[in-house]
Structures are given as structure tokens and as C-alpha cells.
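Reviewing the structure listed below.
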Amino acid sequence: MLDGFGLAMFLPLLEIVSDPEGTASAEQMGNLAFLVYGMERLGLSLNLTVVLMTMLFFFTFKGIVKFIETYVRVVYQQFFMRNIRVQNISALAEYSYDHFVSADSGRIQNTLSGEVNRVNRAFGSYMSVMQQSVMIVVYSALAFLANPEFALLVAIGGILTNLAFNKLYNATKKLSRELTRHNHGFQGLLIQQVALFKYFKATGLIREYARRLIEKVHHIERAQRKIGILGGIMEGIREPLLIAVVISVILVQINLLGGTLALIILSILFFYRALTSVMQLQTFWNSFLGVVGSLENLTEFTTELRKGKEKTGRQKFDTFRQAIEMEHVSFKYGNTPVIKDINLKIPKNHTIALVGESGSGKTTLMNIITGLLQPREGRMLIDGMDSRTLDMATFQRRIGYITQEPVIFNDTIYNNVTFWDEENDANLERFYTALKRASVYDFVINETPKQEKSMLGNNGINLSGGQRQRISIARELYKDVDLLFMDEATSSLDSETERKIQESIENLRGQYTIIIIAHRLSTIKHADKVVVLSKGEIERSGTYLELVGQSESFKRMVELQEV
Ligand code: ADP
């Protein structure tokens with residue numbers, strides 16, 4: 001509006017320029033004459049200085065408003081981004097393990113990193129579209145005020161040309177969805193290349209794998225290029241097309257309808273602005289459509305995360321006191337029964353070893369006990385409370401988990417063990433105690449360059465398999481937990497390392513409730529109970545000695561290991 005009033009001042013200006021001695025009159029301004037009357041009422045006579053100063057006033061005021069607009073836009077855009085990020089990160093944290101295992105990790109990564117930025121662009125473009133729409137309405141209204149007949153004709157022409165663009169818009173939208181899909185694929189492959197780097201390198205597969213990634217890069221390039229070309233076509237033909245419309249209308253008005261050039265000029269000035277806005281609107285709309293695939297993807301992604309939210313009870317768990325009891329627990333992946341009618345009691349501070357062939361359901365059973373998976377049938381009581389009514393996150397805080405593939409963060413030994421706890425005397429003491437109990441104290445003190453400040457992970461010192469395992473054990477011991485879950489490494493560590501790890505675990509027996517997926521005899525020999533699983537059912541359970549006496553198959557398993 002301010003811009004329009006500023007522009008309207010051109011007419012008095014032209015009049016004064018053509019007659020430097022005189023002052024401007026209001027007649028030329030059509031329905032905008034009120035501006036001139038308004039100034040006269042303020043006691044300003046319309047000479048050159050006053051007209052120029054009025055223009056300066058309107059445009060300065062416009063500048064201030066422009067600044068406010070930009071500021072507001074940045075604030076809203078960032079608010080929007082933050083909300084999307086925070087919402088999705090929180091939803092991912094509450095996403096159930098059940099859903100997670102069947103989710104596409106490339107998509108998760110890509111959506112939360114690259115796609116969020118593209119959605120931000122979509123938001124920016126969309127806001128610009130809204131803004132340009134307002135501009136078009138205002139300038140068109142001003143143009144109508146100045147010269148209604150002319151304005152109407154141009155508007156009709158503009159709308160007709162716009163229809164021609166619809167086809168191009170649809171093509172862009174389709175390409176945008178394609179692009180999002182390729183981006184997911186690319187991220188998925190990339191994550192695996194980084195995670196499985198060693199394997200790919202050692203087996204010489206890395207080049208072949210890289211070729212698959214490069215293929216994706218080409219797909220992405222092709223989609224981007226097509227979107228770019230479509231954008232270029234629209235950019236190129238838009239202005240000539242609109243100018244052609246304006247010229248036709250001018251010719252019609254002057255030659256057939258007999259309008260005056262002065263009023264047409266003001267109308268053209270406004271229309272020029274309106275048409276610039278139309279063009280910008282189209283550009284922004286097209287760039288919005290270019291990222292619409294990302295927007296749709298994010299919407300679906302957020303819905304899926306919400307749907308896959310962990311179902312959890314409200315009852316808080318503070319500390320483990322008595323026992324975990326499983327009553328007729330069954331579990332299915334899809335329609336395939338994996339765990340069938342399990343009855344098992346795990347008293348506090350007992351060590352339970354789960355053994356059985358690969359695929360017999362050990363991992364699934366462990367996942368049920370940790371609360372990662374919920375029983376489909378039957379129930380699990382923890383200190384007498386049903387796992388369904390329990391707020392499982394509070395139970396899980398009492399759990400330490402030592403996985404086959406040790407978890408090492410790219411950070412110092414101290415942070416690896418304490419999970420970024422504050423570094424004070426009390427915590428340091430606890431840290432050293434944990435190192436000692438995990439039999440890794442001597443290694444940290446004597447063999448690392450900067451002791452607890454030594455960096456681990458990709459950018460730090462390289463640990464042996466056994467050292468990694470013991471650092472992970474130290475982390476679980478540093479935490480104040482009641483239950484320790486262990487997934488014994490199947491890959492053979494050297495016997496000295498194995499002995500050390502075994503020793504560290506042996507020391508913990510009786511102090512923690514330990515549930516261990518065991519592959520080694522030494523582990524099950526001292527367990528309070530060995531549970532033999534077969535095809536998802538408990539085939540037998542008892543102490544090591546009892547089982548050797550009772551079961552032929554168990555005896556065979558033992559003999560095989562001793563070879
Ligand atoms: P174990 O740990 O004893 O090797 P698991 O508990 O990993 O056995 O697997 C038990 C069975 O469940 C296997 O037949 C396996 O194929 C199946 N299974 C495991 N995870 C999934 C999954 N995410 N989706 C479908 N089936 C699965």
C-alpha cells in the first residue's frame with residue numbers, strides 16, 4: 001500500500017516536470033485523487049520538493065515495514081523448524097522398538113536431516129506465496145482505482161496465462177516426490193557404507209557398493225535437473241507472455257475504447273508491480289511444489305512415528321526388589337509365533353543363562369524381559385506389577401545392557417563410561433571403581449595416552465575387541481542398575497581376553513540380577529539357572545549339572561563345545 005501511494009506520486013511529478021512553474025492538480029489521479037486532496041488539506045502545496053519528499057516519506061516508511069516483515073518471517077520460520085525437529089526427535093525417542101526394527105533407517109535419517117531443511121524451504125516459499133498474493137490484491141485494487149476498465153482486461157489476460165502453467169506445476173510436483181524417494185535411498189546406503197566400512201573394505205566390496213551409491217547420486221541429479229529445467233522454462237516464458245497481455249490491452253484501450261494515456265500510465269505502474277508479484281508468486285509456488293514431496297513425506301513420517309508410539313503404563317518403578325515372573329508369555333512377529341507359552345521366574349540377584357540354537361528365540365525373549373517388546377499373550381510381572389501397567393522407561397533405567405557389538409561413543413573414556421556425567425571427585429571415584437570392576441582399570445591408567453581423557457571411537461585410540469567390551473561393561477556398572485542383560489559375543493575373542501571378561505562378569509554374580517544369552521560353557525556352569533530354548537519354547541531348565549544329567553541334547557551341546 002505504501003509502495004502504491006509512493007508510486008502514485010509519479011503522476012503529479014510528471015505534471016510538474018512538464019510545467020516547472022506550476023503546481024500539480026488532482027484530476028490525473030483518477031480515484032486516487034484523495035492523496036492530493038489530503039495533502040492540500042494538510043496545507044502542503046504540490047510543488048516539486050513536496051512531491052519528492054512525499055515519495056521519500058512513503059518509501060522510507062515502506063522500508064521500515066519491510067524490515068519488520070523480514071524479522072517476523074525469520075522468527076516464525078525458526079519457530080516452525082524448531083517445532084518440527086523437537087516433535088520428531090521426541091516422537092522417535094518414544095517410537096516402539098517393535099516398529100523401529102521394520103522401519104527404513106535411511107528414511108529416518110534423511111527425514112530428520114535433509115528433508116527438514118527442504119520442508120523449511122517449503123515453508124519459506126509458501127509464506128512468500130501468501131505474501132505475493134496480498135501484494136497482487138493490493139496492486140490490482142490500486143490499478144482498479146486508477147483505471148477500472150484497463151485493470152479488468154489485464155486481470156483476465158493474467159488469469160488465462162496462469163492456466164497454461166498448471167501442467168508444468170504438476171510435472172514439478174511429481175518430480176519432487178521422486179526426488180524425496182531417491183534421497184531416502186541415498187541416505188540409507190550411505191549410513192550402511194559408514195557403519196559397515198570395515199567389512200566392505202576387507203572384502204573388496206567397497207567399490208561395488210560405492211557404485212550403487214553413485215547410481216543414486218545420478219538419479220538425484222537427474223530429478224534435480226528436470227525440476228531445474230521446468231523452472232527455467234517457466235522463468236523464461238513468463239515475462240514475455242505477460243508483457244504481451246499488457247500490450248494487447250493497451251492497444252485495445254487506446255484504439256477501441258479510447259482511454260487517456262495518463263490514467264493508463266498509472267494503472268500500468270501498478271500493474272507492473274502486480275505482475276511482478278504474479279511472476280514472483282509463480283516462482284515461489286513452483287519452488288514450493290519442488291519440495292512438496294518432502295512436505296508430504298514429513299507429514300507421513302510424523303504420523304507413523306505417532307502411530308508407532310510405545311504403549312506404556314503409568315505406574316513408576318523405582319528399584320528391583322523381588323522377582324520377574326513370566327506367565328504363559330507368547331510373542332509373534334507378524335503371524336509367526338516366535339515365543340510360545342513361556343513360564344519363567346527370575347529372582348533378584350540370580351544369574352539366568354539362556355541357551356539354544358540360533359533362531360530359537362533367545363534374543364526375542366530377552367527383548368520381552370527388557371520391555372523392548374510386549375508379550376502378545378500372557379503377562380510379565382515385575383515385583384508383582386504387570387508390565388503393561390508399568391511405565392517401562394522407569395524400569396529400563398534400572399537395566400544395564402552389554403551387547404554383542406560393544407557400544408563405544410566417539411568421545412573420551414570418561415564420557416564413554418559415565419555417559420557425560422559431571423566431572424567431580426565423587427563421580428571420578430565411581431568411575432574408577434567401575435573400571436576396576438570391569439577389569440579395565442590397569443589398561444586405562446597404564447596403556448592409554450591421556451588416561452580417562454583419551455579419546456575413543458573413530459577419532460581416538462583403537463581398542464581391541466576385549467577392551468571395547470570391558471569399557472562397555474564399565475559403563476553399565478557405573479550406572480546404578482539392578483539388572484544386567486548380556487548378549488555374549490559369538491565371535492571368538494582370544495582366550496585371554498575371554499577369560500578377563502568372564503572374570504569381570506563372574507565378580508558381578510550375586511550382586512546383580514543377570515540375564516545372559518550364553519554361548520560359552522564357562523558362563524552357564526555357574527549360573528543359578530540355565531534355560532534351554534528350542535523353537536520358542538522352554539525345552540528344559542535347571543542348573544548346569546542337573547541338565548547334563550537329564551538331557552541328551554544338552555549333553556551333546558556341551559560335548560561339542562569342549563572339542
Ligand atoms: P536367537 O536369538 O535365539 O537366535 P531370535 O530371537 O533372534 O533367536 O529369533 C527368533 C525367531 O524370530 C527367528 O526365527 C527369527 O527369524 C525371528 N525374528 C527375529 N527378529 C525378527 C523380526 N524383526 N521380524 C520377524 N521375525 C524375526
Side-chain angles (χ1 to χ4, degrees), residues 97 317 319-327 329-331 338-339 342-375 378-385 387 390 392-407 437-438 469 472-473 475-477 479-490 501-502 504-534 536-544 546-547:
Y97 178 72
F317 184 88
T319 180
F320 186 44
R321 296 197 168 83
Q322 296 150 4
I324 296 176
E325 289 155 285
M326 306 191 95
E327 296 176 350
V329 167
S330 299
F331 184 83
V338 177
I339 290 294
I342 297 275
N343 291 293
L344 178 66
K345 183 169 181 176
I346 307 169
K348 185 178 161 82
N349 292 347
H350 274 217
T351 297
I352 309 285
L354 304 175
V355 300
E357 289 169 11
S358 157
S360 58
K362 303 181 294 291
T363 311
T364 310
L365 183 61
M366 182 112 126
N367 288 342
I368 295 173
I369 307 175
T370 55
L372 283 178
L373 300 174
Q374 283 283 359
R379 57 181 195 160
M380 178 167 75
L381 300 175
I382 302 168
D383 284 346
M385 295 174 284
S387 65
L390 213 55
M392 283 312 264
T394 58
F395 169 64
Q396 282 157 343
R397 263 182 229 128
R398 309 301 304 163
I399 291 178
Y401 198 164
I402 299 152
T403 49
Q404 275 195 26
E405 205 32 62
V407 177
R437 291 174 75 192
Q469 193 61 272
S472 310
I473 295 178
R475 178 185 316 120
E476 303 315 299
L477 300 183
K479 284 195 291 205
D480 172 28
V481 298
D482 301 315
L483 299 112
L484 279 179
F485 289 82
M486 298 185 200
D487 198 347
E488 216 173 56
T490 39
I501 294 175
Q502 199 58 55
S504 341
I505 296 173
E506 199 53 39
N507 290 337
L508 306 173
R509 217 154 51 80
Q511 302 173 36
Y512 290 92
T513 310
I514 300 177
I515 294 118
I516 186 161
I517 294 181
H519 302 286
R520 283 183 287 274
L521 272 183
S522 40
T523 315
I524 52 181
K525 258 182 185 154
H526 301 115
D528 296 292
K529 190 193 263 176
V530 178
V531 176
V532 185
L533 281 173
S534 169
E537 290 174 292
I538 298 186
E539 194 185 65
R540 289 213 144 62
S541 69
T543 63
Y544 173 77
E546 282 166 7
L547 288 177

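Residue numbers start at 1 and run along the sequence shown.
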Quick one: do I382 and M392 satisfy side chain to side chain contact (heavy atoms under 4.5 Å, CB included)? Show the steps, please. CA-CA 10 Å; I382 302 168; M392 283 312 264; 4.2 Å; yes
Please determine whether side chain to side chain contact (heavy atoms under 4.5 Å, CB included) holds for the pair I516 and I524, giving the CA-CA distance in whole Å, both sets of side-chain angles, and the decisive distance to 0.1 Å. CA-CA 9 Å; I516 186 161; I524 52 181; over 6 Å; no
[X] [atom1] to [Y] [atom2] distance, which is reported to the nearest 0.5 Å:
{"X": "M326", "Y": "I346", "atom1": "CE", "atom2": "CD1", "result": "7.0 Å"}
{"X": "F395", "Y": "M380", "atom1": "CZ", "atom2": "CE", "result": "6.0 Å"}
{"X": "Y401", "Y": "M366", "atom1": "OH", "atom2": "CE", "result": "4.0 Å"}
{"X": "L508", "Y": "R437", "atom1": "CG", "atom2": "CZ", "result": "6.0 Å"}
{"X": "I339", "Y": "I368", "atom1": "CD1", "atom2": "CD1", "result": "5.0 Å"}
{"X": "L390", "Y": "Q396", "atom1": "CG", "atom2": "CD", "result": "9.5 Å"}

In chain order, what residues pass the side-chain contact (heavy atoms from CB on, under 4.5 Å) check against [X], with sequence neighbours excluded?
{"X": "L372", "answer": "Y97, N367, T370"}
{"X": "T394", "answer": "K316, F317, D391, R397"}
{"X": "E537", "answer": "K340"}
{"X": "R540", "answer": "V532, L547, Q550, S551"}

Short side-chain to backbone donor-acceptor contact, [X] and [Y], under 3.5 Å:
{"X": "K362", "Y": "G356", "answer": "yes"}
{"X": "K345", "Y": "A323", "answer": "no"}
{"X": "D528", "Y": "T351", "answer": "yes"}

Can you tell me which residue among I515, I517, L354, I402 is in a side chain to side chain contact (heavy atoms under 4.5 Å, CB included) with D487? I517
Partners meeting salt bridge (Lys or Arg N to Asp or Glu O under 4.0 Å) with [X] (sequence neighbours left out):
{"X": "E476", "answer": "K479"}
{"X": "R379", "answer": "E327"}
{"X": "R398", "answer": "D480, D482"}

Nearest atoms (heavy-atom pairs only) where V329 meets P375: CG1-CB, 3.8 Å
Compare every heavy atom of F331 with every heavy atom of Q374, then report the nearest pair and how far apart it is. O-CD1, 3.3 Å
Close side-chain approach of I324 to L483, heavy-atom, < 4.5 Å: yes
Within the structure provided, determine whether M486 and I473 are in side-chain contact (heavy-atom separation under 4.5 Å). no
If you count every heavy atom of other residues, nucleotides or ligands that lies below 6.0 Å from E357 atom CD, does the total exceed 12? no
Between V481 and I399, does the side chain to side chain contact (heavy atoms under 4.5 Å, CB included) criterion hold? Intermediate values first, please. CA-CA 5 Å; V481 298; I399 291 178; 5.8 Å; no
